[in-house]
Structure formats: structure tokens, C-alpha cells
Protein chains: 2
Amino acid sequence: MEKAKRPPRGTRKREVPLTEAGIYAAALRLIDADGVEALTMRKLATALDANPMSLYHHVPNKDAVLRGVARMVGTQFRTVTLKDAPWQERIRLLATDFRTLAHRHPKLMAYSFSHQADFIQPEDPFWVALTAILDAAGVPHSELPLISALVGAVITGVLTAELNGALHRWSSLKPPTVGEDGFTPPDHDENRVFRLALDTIIMGLESRLAADGDGQGAGH
Amino acid sequence: MEKAKRPPRGTRKREVPLTEAGIYAAALRLIDADGVEALTMRKLATALDANPMSLYHHVPNKDAVLRGVARMVGTQFRTVTLKDAPWQERIRLLATDFRTLAHRHPKLMAYSFSHQADFIQPEDPFWVALTAILDAAGVPHSELPLISALVGAVITGVLTAELNGALHRWSSLKPPTVGEDGFTPPDHDENRVFRLALDTIIMGLESRLAADGDGQGAGH
DNA sequence: ACCTGAACACCGTTCAAGT
DNA sequence: ACCTGAACACCGTTCAAGT
């Protein structure tokens, strides 16, 4: 039987010309649908109704596509700025906004957190907001990069564990014979653990900031 | 020119017979050397001086090899148990022991943290020790899984950021014009950030435990 | 300038056949 | 029971050729 396929490229004009941004956008759609590992230069070309080799005129190779998609998403992140709210609340909002983005593109974000060390750039809204909040919280300038790195690593780390399912597996382990009517409500575990991690790191920072004025600070 | 290669399989007897454990061990060596993405069933067979297809008699497919290697390393982890030290010190020791393991097999661990949600199993020494310590610290039984998940996610998350270089990039950003003689000693950044994250999460847990006796605890 | 077909050097895995 | 060669259906990418 004849396969029903679109006419070979060239007989039908492509709606949009091939561009770098268009390639990234199409790649993101494929990644959202099927995961990073399923992305193929050939499938990507098909999705764009192009010849696989045409992509190489706009993009050097597959790795550049993945980095480009990650950069695109990392740059697009936006968060509202509550200039005069307490820093605890501002950092909570930043983290949940970032988590919302992660839930919108879970496959890409899980990949980026572990494979793209430069996924979050210093000029990105996320990083700018994070350092501004910690600065306003009273973190000494000399420790700002260190503390920002710490908070950033915790947020992306917990998100990674949530996105790949480890957080759910761990938090639902061994519901250890509670009281008498062992009724452990499922609750929305992931939400709880994320909030819990956030609250705990915030409390830790509060303790650290309360013990201020000592010479070396975070040093040891 | 003739390529100098070993005689074709069969003319020379293989030193060790092919076994599942042997396959995992060889795969780990290749991963340590060249990374997970460079591991190939064909290269693995060559390293074992076997025909590529022979592997499939001991292992169902490549994914099973990766899971097997991860399980092997996860199970082999050992830590000393300081039964009567304060929980803060015990958790610090556990984390640094785990970090040592991560440094021994960085490529595999970075991969496992993000791709193998079941890398750390409930029976694994790491998880057993972690829950035991938090239990001894006074975490209520009802919250033990949640808190353990949180601490586990933070530790693996910060390690991931360290292994892929994000931690280093972030913590060495914008050394913000300190004092007058802007002498920011390089220090060993990674060590500092890891210790800092650990200390901060510990302080957060201390705060949480100090505010005990309230009805719902972490849930709020 | 942009596109393309053919080709190269790889993959993981199936399968029928060997011992 | 264990191994193997040939083959299949893919990959990413190069390159010479087309418009």
C-alpha cells in the first residue's frame, strides 16, 4: 500500500522560513512531548517540514540545539518582584515561580539541571532576583555568591528529585505505623516536601543571619 | 598498513567467563574513564574481549546495564556509625562519606542522581543511616519519611550541582568589590559550599525540632 | 545564501545458526 | 547453555553538488 505522506519538500512552500529561534521552539515542543532522549535531528527536521541537513545551516550541531533550547527557557523566566515584602516571602515566591516553570517543561528542566552547568546565567532573571533578595536579607556582600550558590543548588536539587520521581518515592516510604488508626492521608506529597525544604533552608538562613557580627561568618 | 589488533575472539580463551557482575564492573570502569554517554554495548564487549551479542545472554539491554552499575555502587556504599555522637555530627559524617563516593565515580553518580529515581533504595546503607539519624534526632515518626526525603534531596541536589560544575560557577560569580584590598582567596570553593549547605539545612532542622510539641508539625 | 542527496561511521537489538 | 555473524532500523554529521 502507498504510504500517505506529505509531498516531498520543495513542491510545497514551507510556511515559515527556517530560523534558529524556530528550530529551538520546535525542539522544545518535541522535548515536552517525548523527552530529551527522543529528540533527533531527523525528527526535528520532519517537524519543521525540512530536510535534516538544512538544520545545519542555522545550528552547528545537536548539542547546540539542546543548549539553545535551555537558554531560551532560562531567559524567558519571569517572576514578580515584591520589593518591600520580607525576604522569606520573596524567596518563597521566587522558588515557586521557578517551580511552575519546571512543571511546564519538566523533561527539559530535568535535563538542564544535570547537564547544563550554565543553564542559569548570572544575568538571568532568576539569578538576579535571588541575589537581590539575599542581599536585601542582610547577607554580607562577601558571602553573597556562596549563599546564592547554596540556595540555587538546593532549589534546583529538590526540583530535580521531584521531576525524576525520587522525591515521591522517598517521602512515601515506610509510613511507620502511626498512632492507632494508621490513616496516612496521601496529601500532595510533592508540594509538602518542596515547601518543607524551602522552609527549612529559610530557617537555616535565619539562624545564620541572626548570628551576625562574628568575624568570619560562613567560613566554618 | 595493518592494524595491530588482538586475535579474533575464540582463538584466545577469555581469562574470566562472562558474568552479570563482571559486565557491570567493566561498564563502571568505562564510565569512570569516559562518561556514561560514551558507554556502548559494543565498546563494553570489546573491553571484556567478547562479542557484542554475547552480552545479551547475561543482561537484557543497555538500560539494565546502567541500572545494574548504579545499584552495584549504591549498595556498596558504607559509612561508619557513631551511635552516641550528636545527630548533627552524624549527619555531617554521613553526607561527607557519601560525597567521597560521589567523587570516586562522578560521572556515574551525576547520571544516577538525575536518571535513576531508584538509585537510593530504602534498604541501602545510606537511607538506613539517614533515617536512623533523623529518628534519633527526635524527628516525629509521622514526619520521618518527609524529612528524610528532604535531606536526601538536598544532599544529592547539592552534589549534582557540584559534580556538573554549576556550584563552582555560581559561587565564583561577581566577587563584589570586597573592602579595599579586593583579595578574595580562591579557597576551596566546592568544599565550602557543600559544608555551608549542610550546616544551613542542619540549622533549619534544629529550628524545626526546637519548635516541637505543636499539633501538626511540618505540615502547617 | 540556502538547501539537498548520498554516504560514512557509528548505534542498540533481533534472529537464525552454530558449538 | 552459551556464543556468534549477518542484518535491520536507526543515529549525527560530512561533503560535494545543486539552485
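Keep in mind the model is a prediction, meaning the values are calculated, not measured. Both backbone and side-chain heavy atoms feed into the values below; hydrogens, waters and symmetry mates do not. Chain letters run A, B, ... following the sequence lines, proteins first, then strands; residues in each count from 1.
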Under 4.0 Å: is that the gap between some side-chain N or O of A:S54 and OP1 or OP2 of C:dC2?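 For A:S54, the contact criterion (side-chain N or O under 4.0 Å from OP1 or OP2 of C:dC2) is not met.
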Side-chain N or O of B:H58 closer than 4.0 Å to phosphate OP1/OP2 of D:dA1: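 Checking D:dA1 against B:H58, no side-chain N or O comes under 4.0 Å of OP1 or OP2.
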Mind calculating the distance between [atom1] ([X]) and [atom2] ([N]) to the nearest angstrom?
X: A:N51; N: C:dG5; atom1: CG; atom2: P; value: 5 Å
X: A:L66; N: D:dG12; atom1: CG; atom2: C1'; value: 12 Å
X: B:N61; N: D:dC10; atom1: CG; atom2: P; value: 18 Å
X: A:K62; N: D:dT13; atom1: NZ; atom2: P; value: 8 Å
X: B:L18; N: D:dC2; atom1: CG; atom2: C1'; value: 10 Å
X: B:M53; N: C:dA17; atom1: CE; atom2: C1'; value: 15 Å
X: B:Y56; N: D:dA7; atom1: OH; atom2: P; value: 19 Å
X: B:D63; N: C:dC11; atom1: CG; atom2: C1'; value: 15 Å

Indicate yes or no: does A:K107 engage A:E37 in a salt bridge with an N to O separation below 4.0 Å.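 No, no charged N to carboxylate O under 4.0 Å.
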Taking the basic N atoms (NZ, or NE/NH1/NH2) and the acidic carboxylate oxygens, is any pair closer than 4.0 Å for B:R92 and B:D97?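 Between B:D97 and B:R92 there is no salt bridge, as every charged N stays at least 4.0 Å from the carboxylate O atoms.
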Within the supplied structure, the quantity of interest is the number of heavy atoms (other residues, nucleotides, ligands) at a distance under 6.0 Å from B:Q121 CD; does it exceed 12?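 Yes - once you tally the heavy atoms of other residues, nucleotides and ligands closer than 6.0 Å, there are more than 12.
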List the atom of A:K83, the atom of A:R90, and the distance in Å for their closest heavy-atom pair.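 Result for this residue pair: O-NH1, 3.8 Å.
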A:R99 to A:F194 six-membered ring, cation-pi geometry met (6.0 Å, 45°):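 Yes - A:R99 lies over the ring of A:F194, closer than 6.0 Å to its centre and within 45° of its axis.
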Could you list by number each residue of residues 36-45 of chain A showing a heavy-atom separation from DNA chain D of less than 4.0 Å, or answer none if no residue does?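 Nucleic-acid contacts, sorted: A:L39, A:T40, A:M41, A:R42, A:K43.
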May I ask you to test the A:D124-A:F119 pair for a side-chain heavy-atom distance under 4.5 Å?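 No, too far: nothing below the 4.5 Å cut-off.
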Is any side-chain heavy atom of A:E162 closer than 4.5 Å to a side-chain heavy atom of A:H168?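 They are not in contact (no side-chain heavy atoms under 4.5 Å apart), so the answer is no.
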Check: B:H57 side chain, D:dC3 base, donor-acceptor under 3.5 Å: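 Present.
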Across all strands, who's sitting opposite D:dA16 as a Watson-Crick or G-U wobble pair, both distances under 3.5 Å?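 Partner of D:dA16: C:dT4.
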